[in-house]
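Let me begin by presenting the structure, written as structure tokens, before commenting on it.
Since the model is a prediction, treat every value here as computed from it, not as a measurement. A, B, ... follow the sequence lines: proteins, then strands. Residue 1 opens every chain.
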Number of protein chains: 2
Amino acid sequence: MTQASTPTLVTVAERAGVSRQTVSNVLNSPEIVRPDTRERVLRAIDELGYRTNVVARQLRTRRSFLLGLRMPPAADGISGQVLDRFLHALTEEAQGSGLRIMLFAAADDEAEIREYENLRTTTGIDGFVLTATHSGDTRTRWLSDHDIPFATFGRPWDPEPAGRAAEASAEGVPPKPGHHAWVDIDGRAGTRAATRHLLDAGHRRIAFLGWPEGSGVGDDRHAGWLAAYEEAGLEHAVVQRAEDGVAEGTAAANRALADPGVTALVCVSDSIALGALEAVRELARSEPDRAPVAITGFDDTPVAGAVGLTSVAQPIDQVAARIVEQLRAQIDGRPEDVPDHQVLIEPRLVVRTTSRTEHRR
Amino acid sequence: MTQASTPTLVTVAERAGVSRQTVSNVLNSPEIVRPDTRERVLRAIDELGYRTNVVARQLRTRRSFLLGLRMPPAADGISGQVLDRFLHALTEEAQGSGLRIMLFAAADDEAEIREYENLRTTTGIDGFVLTATHSGDTRTRWLSDHDIPFATFGRPWDPEPAGRAAEASAEGVPPKPGHHAWVDIDGRAGTRAATRHLLDAGHRRIAFLGWPEGSGVGDDRHAGWLAAYEEAGLEHAVVQRAEDGVAEGTAAANRALADPGVTALVCVSDSIALGALEAVRELARSEPDRAPVAITGFDDTPVAGAVGLTSVAQPIDQVAARIVEQLRAQIDGRPEDVPDHQVLIEPRLVVRTTSRTEHRR
DNA sequence: GTGAAAGCGCTAACAA
DNA sequence: TTGTTAGCGCTTTCAC
């Protein structure tokens, strides 16, 4: 009766002439085993091609080394690309740390929370990665309350809920508003760099093309433009707002360029910037005498590179790495080992042709 | 001693006053259990909030209901978006069929195969979804040889390996070259529709801007352009080839437009088409008298919608649905229940402004 | 340092 | 129809 099936701990143990848990020890606490025994066991493992069955281990240890991620609804915009890259980096980074990514779908936050519970009790998932945090996000609260490891790509955008925190601590519940692990890109720093870059080139009236007020990400980027102006001791110029999209960008740019003094546009996204590019081209055609208008985008999507758009690049790889790091520490029960629980990563300005027009007062 | 921990089959059994096995039966073969017992058990399940532990079940049944998917290297091009959408549709579709998607990373096909083996013996993954099939693909062969369920998004692009097939059958190995489950978009039909659309509008010299010869997908799309010309009984015009990319598209378009008779461009991808759009605009500026040039792209990416590019839309949702269907059948051991083992899905031409220029001979 | 026993939660086979 | 027995492959006490 040949042992044709895949080898188990017992198979290895028999071969090495030891007991089953000695093999287990060699695998999990090698330092506890005498060197020569260890050597013998390792050889048997190698000869048999033994691979540990993680399902069995999971049943025993209740740890799956699985991370759940909701596959967010396909973004219409060009900016959806960012998520794609994040997913890729995350998969790679997780794999490097012995974790796996499991995808799931959910229609909305409420459904997502239901799925957390489901995946947790059902497949024993160890933790979750959240994207697209927004103000009034109920997911982080739920996960915190249930002591489930998680980290978010994106800050908590809520204002500090002083009222609730006070109330909660009165009831003895630890107030932890937004005190979860998160990693985010410093959008403010990004647009500030872009705006400075344009100010340095001599531009004085730089319009900001943003999203409607109220989105955390959008407001953050707007703040960077403001900051650059304040730091330069200048008065800020025009702001135009629009939903994300190329056509919307064209319209917003046209409104901004109605002011004849405007010589540059800082855009909240590459989609908007692409639309602005269109508007600027049209302007160059209709008013050949007007000074060339510089443009910067945000996200550094492939299209930006393609059309020569100066843009703010998000170091997605870093984001993924830190998220995995934080999650791994939480899962291993040593969250204190990761000093930076909440990480803001500085983006990088990638200068291309659309901002290369020098201006002097 | 309260039962604070999550309920198990035993907990439910005790509550319902039956044996563990009966509860299991209620869950897995309800028709075998007497209605009133079933009712009682179900009530207990409900009251206790019991959820079956899939890990334990998996250990016993050796089935994980997990599908593996390699997260492909982030595509630089705009066309990468297609994959993003596929991933989303796949996740949703799989979830609807009780399957989950697990991601993994691999540097190349060889590493991917190693990971198949790894995931298989380690986490007991049930099957794999492959993307980006290409000629000389070793992955499908390996999976077939190991009897591992899988389905590919993309046809096998190899020529029928007559020699090897003959040799294999001589040795008694069933020759199954490319006889695995696959779903693909009919690229040929797509470009054919695009070309016809332009021919119907009166265009006669329609250039094809393609990728370098040798890629299955690219050649397939090229074939559609040829077919439309042949069906129309006309002689085909210019072909220009370039690597995928916006700048490359501009260059190729310029080469094609050097022929003054060319009035339309059928492009192999949206990236190329976007570049072509740029070239056509420039041309309109430099040679205002030349007839407007129509353009079509391929993939119907968000950018296409944004700039008004006529493009061929891939029904990704359908692809995902069929793939899950096939995989589910294989996993359940009833592959014969899915009649169409190999599915070619017809894409849809989305007409926008870039092809709206009417031409008469 | 090593081994024996127990059990994670479930289902497949058989017996009652 | 229902219950009993056994075991999936692993790790965690606890003796030795």
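- The interatomic distance linking B:N25 (CG) with C:dG9 (C1') rounds to 16 Å, in whole Å.
- For B:T22, whose side chain is taken as the heavy atoms from C-beta onward, the closest listed nucleotide among D:dC10, D:dG3, D:dA6 is D:dG3.
- At a threshold of 4.5 Å between non-hydrogen side-chain atoms, the residues A:D84 and B:L83 do not count as touching.
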Item to check | Trace of the side chain to side chain contact (heavy atoms under 4.5 Å, CB included) decision for B:L130 with B:Y116 | outcome: CA-CA 11 Å; B:L130 311 211; B:Y116 291 157; 3.1 Å; yes
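- When each of C:dG9, C:dG1, C:dA6 is scored by its nearest atom to the side-chain atoms of A:T37, the top-ranked nucleotide is C:dG1.
- Counting non-hydrogen atoms under 4.0 angstrom, A:V54 reaches nothing in the nucleic acid.
- Put simply, CD on A:Q58 is 14 Å from P on D:dT12, counting in whole angstrom units.
- Counting to the nearest Å, the C1' atom of D:dT13 and the CD1 atom of A:I32 are 14 Å from each other.
- Here C:dT2 is the nucleotide among D:dT2, C:dC10, C:dT2 with the atom lying nearest to any side-chain atom of A:V33.
- When the nearest nucleotides of DNA chain C are assigned to A:E31 and A:R20 by heavy-atom distance, the more 5′-ward of the two goes with A:E31.
- For A:R34, a side-chain nitrogen or oxygen approaches OP1 or OP2 of C:dT2 to under 4.0 Å.
- C:dC8 atom C1' lies 13 Å from atom CG of A:N53, rounded to whole Å.
- At D:dG9, none of the side-chain N or O atoms of A:R57 fall inside 4.0 Å of OP1 or OP2 (strictly under the cut-off).
- A donor-acceptor pair is defined here as one N or O able to donate and one able to accept, closer than 3.5 Å; no such pair exists between the side chain of B:E112 and the backbone of B:A107.
- Rounded to an integer number of Å, the gap from B:L9 CG to D:dA6 P is 19 Å.
- Rounded to an integer number of Å, the gap from B:R60 CZ to C:dT11 C1' is 5 Å.
- Put simply, CG on B:L59 is 18 Å from P on D:dA6, counting in whole angstrom units.
- In terms of phosphate contacts, A:S24 brings a side-chain nitrogen or oxygen within less than 4.0 Å of OP1 or OP2 of D:dT11.
- B:Q342 contributes no side-chain N or O that, together with a main-chain N or O of B:D184, makes up a donor-acceptor pair within less than 3.5 Å.
- At D:dT11, none of the side-chain N or O atoms of A:T61 fall inside 4.0 Å of OP1 or OP2 (strictly under the cut-off).
- The distance from atom CG of B:N28 to atom P of C:dA13 is 13 Å, rounded to the nearest whole Å.
- Across all strands shown, B:R62 has heavy atoms under 4.0 Å from sugar-phosphate atoms exclusively, and none from any base.
- A:S19 has no side-chain polar atom (N or O) that falls below the 4.0 Å cut-off from OP1 or OP2 of C:dT2.
- In this model, no donor atom of one side chain and acceptor atom of the other lie less than 3.5 Å apart for B:T133 and B:R155.
- Note on B:V18: only backbone sugar-phosphate atoms sit closer than 4.0 angstrom, heavy atoms only; bases stay farther off.
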